[in-house]
Amino acid sequence: MRASELLRSLLHQAITELGFDWPAKATIEPPKEKKFGDLAANCALMLAKEAGKNPRRLAEELAEKLRAASPHVAAVEVAGPGFLNVTFAPSFWQSYIPRVEAAGNRFGASDLGRGKKAQVEFVSANPTGPLHIGHGRGAAVGDSLARILRFAGYDTEAEYYINDAGKQMRTLGLSVWLRALQLAGKRSEPFPTDCYQGAYIVDIARDMLAVDPALTDLPEEEGIDRCYERGMADIFAGIKQDLADFNVSHDVWFSELSLISDGSVESTLESLKAAGHAFEEDGALWFRATAFGDDKDRVLRKSDGSLTYFASDIAYHANKYARGFESITDVWGADHHGYIPRMRAAIAALGRAQKSFDVVLVQLVNLLQAGEQIAMSTRAGKFETLADVIKEVGADAARFMFLSRKSDSKLDFDLDLVKQRTMDNPVYYVQYAHARIQAVCRRAGERGLDPTAPGDLSLLVHEEELDLLRLLDRFRTITEDAASNRAPHYVSFFLMDLAGQLHRYYAAHQVLGAENDALIAARLRLLNAVGQTIKNGLALLGVSAPESM
RNA sequence: GCGGCUGUAGCUCAGUCGGAUAGAGCGCCAGCCUCCGGAGCUGGAGGCCGCAGGUUCGAUUCCUGCCAGCCGCGCCA
């Protein structure tokens with residue numbers, strides 16, 4: 001039981017004894033200042049409001065009861081307008097070490113999700129070129145969210161939606177085809193500006209010609225088809241490799257085309273029509289999005305008979321619900337935010353609860369070098385692709401940088417900064433804390449100390465030791481909040497706090513140089529518990545926890 | 001024009017479902033290596049929380065209106 005849970009139950013009982021109900025808006029949280037104790041509760045303030053009583057007097061009565069309620073409660077003070085400031089006994093914090101040891105890599109996990117099926121869909125980039133750094137941010141956020149939700153007890157799947165049905169695919173085939181013609185000397189006209197300009201298109205064409213020099217003798221339609229198939233396969237192989245190099249994994253790769261060919265899109269449109277949510281006008285089929293709060297109605301099937309992306313997106317989300325997901329999270333680039341109202345409208349039209357559907361917007365990434373912006377659109381730009389960035393700074397540093405900001409704010413990604421080993425680049429600070437712990441444990445082994453000796457945990461009484469244990473207490477709250485708020489950066493900031501506290505402790509107290517064996521053993525157990533927590537936190541971010549650096 | 005996001009220390013950013021004297025790192029200044037990894041630690045200076053109103057015991061947090069930056073508003077993909 002966490003400190004906050006323990007205090008809540010004790011307070012609950014005290015309030016009941018006084019003949020009141022637990023005030024709905026009451027909070028229990030660590031106070032800003034340490035001198036106010038471990039936890040502050042404002043329930044006396046809230047109760048006074050509801051019951052019309054003097055808050056300080058009420059607080060005094062509750063304090064009286066709390067002091068007698070548990071040996072873990074060391075002190076209760078009434079402060080300010082009626083806050084209850086509670087300090088826990090060292091014995092309570094010391095008990096965290098066996099708990100971490102027992103839980104191991106599950107320490108910090110919870111059953112918040114209670115086995116509910118959750119899905120996170122992310123990246124989902126069109127397979128028309130290599131992933132760029134913006135995709136990388138979405139990949140880091142989505143992948144980390146999936147890990148966090150899983151850790152919070154959700155039965156979670158990570159998914160990539162492949163837009164393989166649109167005009168872009170045709171453009172891809174055409175681009176490769178025209179490059180092949182150029183290479184074969186059968187075309188001298190300038191390369192069209194509405195085709196994909198990247199050098200990778202030329203590479204694909206060259207590879208195809210090397211295998212089959214007669215490629216360009218094919219009839220145009222057949223040639224373009226072949227170029228499309230090969231181009232998409234090549235590009236997808238590249239995307240999968242980039243994601244693997246970035247420590248990102250998807251459980252399911254879902255094809256848009258499959259929704260069209262198996263009739264799902266048509267049947268979704270039919271059911272929308274049947275429910276009165278779709279109508280014909282000007283020769284097109286429209287979704288009545290305005291009935292669900294969107295600004296305007298949206299086209300599903302154009303007057304030329306072709307489907308919009310929106311139509312298959314609705315069918316896709318209907319499919320997600322049909323697969324039993326109770327929580328759906330889409331990670332989108334922020335430039336798609338205008339799409340949210342219509343998607344929410346569609347979810348409502350499908351008869352699904354709004355709260356089952358979340359969109360996490362990932363803002364633009366500004367790629368910089370030495371403070372200067374690198375334009376990502378220029379073909380000459382050396383670091384326009386995710387692969388280049390990973391190669392330059394490493395996957396760990398890149399992921400941590402992406403995950404130590406709110407996803408919904410712009411990010412300046414300075415290559416030189418991310419390579420640095422300073423607190424501007426905190427991944428090293430956190431990893432260093434872990435490596436340092438491992439180094440001490442290795443040294444303990446070399447000195448013939450028994451790493452499994454129980455020691456005497458009650459010897460851990462220094463403030464720096466209790467502060468570390470207090471942070472361990474907070475970890476599960478952090479992972480749960482990160483899950484329910486879809487906010488991986490909570491974990492990053494927690495890890496920076498924990499690493500800082502570890503470094504402070506390390507500077508203040510000797511572990512292997514402690515006065516006696518029992519104390520050495522106790523401190524080693526403390527270090528191991530902290531190391532385990534750092535490792536678990538880094539795992540949620542998809543960042544490695546090195547034994548040495 | 002309408003809508004969304006952002007605006008907090010010189011810089012990069014947390015905090016914001018109302019709480020106590022607003023935080024961290026970097027940078028700057030001053031210190032700490034006979035001692036387990038100095039990629040570290042300690043201390044200091046540095047703030048009209050974009051501006052102006054409102055709600056209340058209390059607002060960086062909620063509401064309204066402005067200002068600035070970015071983005072989005074097609075029978076595009």
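Just the heavy atoms: all of them, side chains too, but no hydrogens, waters or symmetry mates, feed the values below. Lettering of chains follows the sequences in order, A, B, ..., and the numbering in each one begins at 1. Since we're looking at a predicted model, the values are computed, not measured.
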Considering only heavy atoms and no angle criterion, is a donor-acceptor pair shorter than 3.5 Å present between the side chain of [X] and the base of [N]?
| X | N | value |
| --- | --- | --- |
| A:N85 | B:rA20 | yes |
| A:T308 | B:rC75 | no |
| A:H337 | B:rG3 | yes |
| A:Q510 | B:rC35 | yes |

Side-chain N or O of [X] less than 4.0 angstrom from OP1 or OP2 on [N]?
| X | N | result |
| --- | --- | --- |
| A:R443 | B:rG37 | yes |
| A:R436 | B:rG38 | yes |
| A:Y339 | B:rG3 | no |
| A:R447 | B:rC36 | no |
| A:Y506 | B:rG38 | yes |
| A:S409 | B:rA14 | yes |

- Message: Can you confirm if the NZ or CZ of A:R436 lies within 45° of the ring axis of A:Y506 and under 6.0 Å from the centre of its six-membered ring?
- Response: yes
- Task: Please indicate yes or no: is the ring centre of A:Y432 less than 5.5 Å from the centre of the six-membered base ring of B:rG40, with the two planes inclined by under 30 degrees?
- Result: no
- Query: Stacking here means centres under 5.5 Å and planes under 30°; does A:F493 stack on B:rA14?
  - Reply: no
- Task: Identify which nucleotide among B:rC36, B:rC71, B:rC41 has an atom closest to any side-chain atom of A:L512, counting heavy atoms from C-beta outward.
- Result: B:rC36
- Picking from B:rG72, B:rC5, B:rA14, the nucleotide nearest the side-chain atoms of A:K406 would be B:rA14
- Message: Between B:rC67 and B:rA30, how far apart are the two P atoms, rounded to whole Å?
- Response: 46 Å
